[in-house]
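Report on one structure; see the data block that follows.
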Amino acid sequence: MRGDPVLGAHVVDWVHDLPFFWSVVVVFGAVYLIAAAISWVVLRLAVGDRALAFKAVSPGLLPPLGVVFGLLVGFLAVQVWNDVGQAQTAVNREASALRSVVLLSASFPGVPQTRMRALVRRDIKEAVNEEWPAMAGGHASLTAVPAALAEALHLALGVTPHSEGQKVAQREMVSALENALDARRQRIIVSESRVNWAKWTGVVLLAALTLLAIAFVHSENRATTAIAMGIFASAVAVCLLMIASQDRPFAGRFGVKPNALIQVMPDAR
């Protein structure tokens, strides 16, 4: 039983790593294959007394199954979109805080300003080049404190203000750095969120059960069976693809990108 969650995670990771076109092909192909297998088995068994039993299955069974499947997909979609929204908000807040640090550092011209700009630039480069791939893979950690931000905080606390304006700037700069650290923590925490294997299993089993019920209800007519199951299988594939493509906030084609951070990165000068 311990292998099932691992296998499910590997399958979703594999789909994430595929180009979007091939993700569509794989997901739709897998769903259509399952639907065809269910249809083939039911139609092969629909002979004699079993055919009468299959025909006796009430069509009224389909709407409740469809409603339950739709609700489950809706809950998962809300979770996924909420995670993506939180991730984007954290990135935007971090970028805004770092931009404030760069602007406030101008109150301390000379070495402090140059050093602060260099530290902010280094922190953003480390976030883009190191933390983003780790978050996309779901293995980013809060254990290590970003050295550049920690050094920037020490620098902000260590400068000596010589006017009331510099005192205010120092206080605001420290607050902005703390805000950037908090936003970084939030995006790393959100990066660990995903649809777990139990939810994936529930969606897939409920979809298969609904396809089975459709096959029973229309077992007396092969063409009707194919049309009904094809339509529902297409809807299932769209739902699975929609959720899988945004299952991890920082992974895949639709993941949150570090564009906001890159835009506020100070010049090397």
Side-chain angles (χ1 to χ4, degrees), residues 1-18 20 23-35 38 57-93 135-140 183 185-217 228-257:
M1 292 296 290
R2 292 178 61 86
D4 293 339
V6 176
L7 178 61
H10 284 322
V11 170
V12 176
D13 290 343
W14 179 68
V15 172
H16 268 294
D17 294 335
L18 291 173
F20 183 69
S23 298
V24 173
V25 171
V26 169
V27 173
F28 272 78
V31 174
Y32 286 150
L33 184 62
I34 293 173
I38 292 174
V57 175
S58 173
L61 180 65
L62 299 180
L65 287 173
V67 169
V68 173
F69 178 79
L71 288 174
L72 185 55
V73 169
F75 290 144
L76 294 184
V78 169
Q79 174 192 329
V80 168
W81 292 335
N82 185 55
D83 290 341
V84 172
Q86 289 183 355
Q88 188 63 66
T89 299
V91 173
N92 292 342
R93 187 158 67 92
M135 291 190 301
H139 50 77
R185 284 191 293 269
Q186 288 300 316
R187 66 171 163 82
I188 291 179
I189 291 173
V190 174
S191 72
E192 299 174 355
S193 177
R194 63 172 64 192
V195 178
N196 61 46
W197 68 272
K199 294 177 182 177
W200 279 119
T201 302
V203 170
V204 172
L205 289 180
L206 187 56
L209 186 61
T210 306
L211 287 169
L212 182 63
I214 293 173
F216 282 158
V217 170
M229 295 187 70
I231 292 174
F232 185 75
S234 298
V236 171
V238 170
C239 294
L240 294 181
L241 185 64
M242 178 186 66
I243 296 172
S245 63
Q246 301 183 67
D247 174 44
R248 292 179 298 177
F250 293 93
R253 180 184 181 90
F254 303 104
V256 176
K257 301 298 187 292

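Just so it is clear, the structure is predicted and the values come from calculations on it, not from any experiment.
Gln186 approaches Arg93 most closely through the heavy-atom pair CG-NH2, 3.8 Å. Residues Arg194 and Gly138 approach most closely at NH2-CA, 4.3 Å, considering heavy atoms. What you find for Ala136 and Ala251 is that their closest heavy atoms are O-CB, 3.4 Å. The minimum heavy-atom distance between Ala87 and Val256, with the atom names listed, is CB-CG2, 3.9 Å. Contact detail for Lys199 and Leu76: the closest heavy-atom pair is CD-CD2, 3.5 Å. The shortest non-hydrogen separation linking Ala140 to Met135 is CB-CG, 3.6 Å.
Put simply, the side chain of Lys257 does not reach to within 4.5 Å of the side chain of Phe250, judged on heavy atoms. With contacts defined as side-chain heavy-atom distances shorter than 4.5 Å, the pair Gln88/Asn92 qualifies.
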Atom pairs and distances, donor-acceptor, side-chain atoms in residues 61-72, under 3.5 Å, two or more places apart:
none

What donor-acceptor contacts under 3.5 angstrom involve side-chain atoms of residues 23-31, with partners at least two apart or in another chain?
residue	atom	partner	partner atom	Å
Ser23	OG	Val15	O	3.1
Ser23	OG	Pro19	O	3.2

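Note that the CG atom of Leu211 and the CD1 atom of Ile38 stand 5.0 Å from one another [nearest 0.5 Å]. Taking CG of Asp247 as the reference point, atom CZ of Phe254 lies at 13.5 Å (rounded to 0.5 Å). Atoms OG and NE2, on Ser191 and His139 in that order, are 9.5 Å from each other to the nearest 0.5 Å. A distance of 10.5 Å separates CD in Gln246 from CG in Asp83, rounded to the nearest 0.5 Å. Rounding to the nearest 0.5 angstrom, the gap separating the CH2 atom in Trp81 from the CD atom in Gln86 is 15.5 Å.
For the pair Arg253 (side chain) and Ser245 (backbone), a donor-acceptor distance under 3.5 Å is absent.
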